[in-house]
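Note sheet for the following structure.
Chain naming here is simple, since letters A, B, ... match the order of the sequence lines and numbering starts at 1 in each. Model, not experiment: these values are computed from the prediction.
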Amino acid sequence: MPPDLTSTHSRIYATIRRIPYGKVASYGQIARLAGMPRHARLVGYALHRLPNGSSIPWHRVVNARGDLSLAHAGRASGIEQRLRLEREGVPVNAAFRVSMARFGWRPARAKRRA
DNA sequence: CTAGTGACTGTTT
DNA sequence: AAAACAGCCACTA
């Protein structure tokens, strides 16, 4: 059986796994879906503690503006994130920016029109 | 216990 | 358009 899925980190990981292929979600979005509306920073915190080789699509997590926070934070891993995103069909700007309007993940809510 | 930090977000300059 | 400021709260030391 899985470990503490009720843990904040595990919850965050589970939510990130729900991000569909070719889409990106913001930290706030993940936090909200995980049931922690104001814990956007915790999402980043949890990801920072992520072990190398985890099965979660961490590269699909960007900040609210669509920027790769990883690259902006001066992390070399930002390059890898851009690479992975482009491989999924998500174009990344020269400024490490993604079009949230077109590639932002829109989780299906209550049915409204179909 | 207190203090500092941050892969963030929204508002204001 | 970008930069600065403030709010936010779990985690680490």
Whole-Å distance between C/dC9 P and A/I12 CD1?
-> 15 Å
Calculate the interatomic distance between A/N93 atom CG and C/dA1 atom P; express it in whole Å.
-> 11 Å
Choose from C/dT12, B/dA7, B/dG10 the nucleotide whose nearest atom is closest to any side-chain atom of A/A64.
-> B/dG10
Could you walk me through whether A/R60 and A/V90 pass the side-chain contact (heavy atoms from CB on, under 4.5 Å) check?
-> CA-CA 9 Å; A/R60 294 181 191 148; A/V90 181; over 6 Å; no
Roughly how many Å is it from CD1 in A/I56 to C1' in B/dA7, rounded to a whole number?
-> 11 Å
Rounded distance (Å) that lies between atom P of B/dC8 and atom CG of A/L47 = 10 Å
Reckon A/S69 has a side-chain N or O less than 4.0 Å from the OP1 or OP2 of B/dC8?
-> yes
Among B/dA7, C/dA1, C/dG7, which nucleotide sits nearest the side chain of A/L70?
-> B/dA7
Calculate the interatomic distance between A/Y27 atom OH and C/dG7 atom P; express it in whole Å.
-> 24 Å
Min side-chain heavy-atom separation A/Q81-A/F96 under 4.5 Å | no
B/dT9 OP1/OP2 closer than 4.0 Å to side-chain N/O of A/S26 = yes
For A/R84, which residues count as a side chain to side chain donor-acceptor pair (under 3.5 Å) partner, sequence neighbours excluded?
-> A/E80
Whole angstrom is fine here: how far is it from CG in A/L33 over to P in B/dC8?
-> 18 Å
A/Y45 vs A/R38, nearer the 5' end of DNA chain C by closest nucleotide = A/R38
Separation of B/dC8 P from A/R32 CZ (nearest whole Å) = 18 Å
Once you round to the nearest 0.5 Å, how far does NZ of A/K23 lie from CZ of A/R102?
-> 11.0 Å
Return the value, rounded to whole Å, for the distance between atom NE2 of A/H48 and atom P of B/dC8.
-> 11 Å
Flag side-chain contact, heavy atom, 4.5 Å: A/W105 against A/L33 = yes
Looking at B/dA7, B/dC8, C/dC11, which one has an atom nearest to any side-chain atom of A/W58?
-> B/dA7
Of the candidates C/dT12, C/dA10, B/dT9, the side chain of A/N63 sits closest to B/dT9
Respond yes when some side-chain nitrogen or oxygen of A/S77 is under 4.0 Å from OP1 or OP2 of B/dA7, and no when none is.
-> no
Options B/dT9, C/dC11, C/dC9, nucleotide nearest the side-chain atoms of A/H39 = C/dC9
Can a side chain N or O of A/R65 be found less than 4.0 Å away from OP1 or OP2 on B/dG10?
-> no
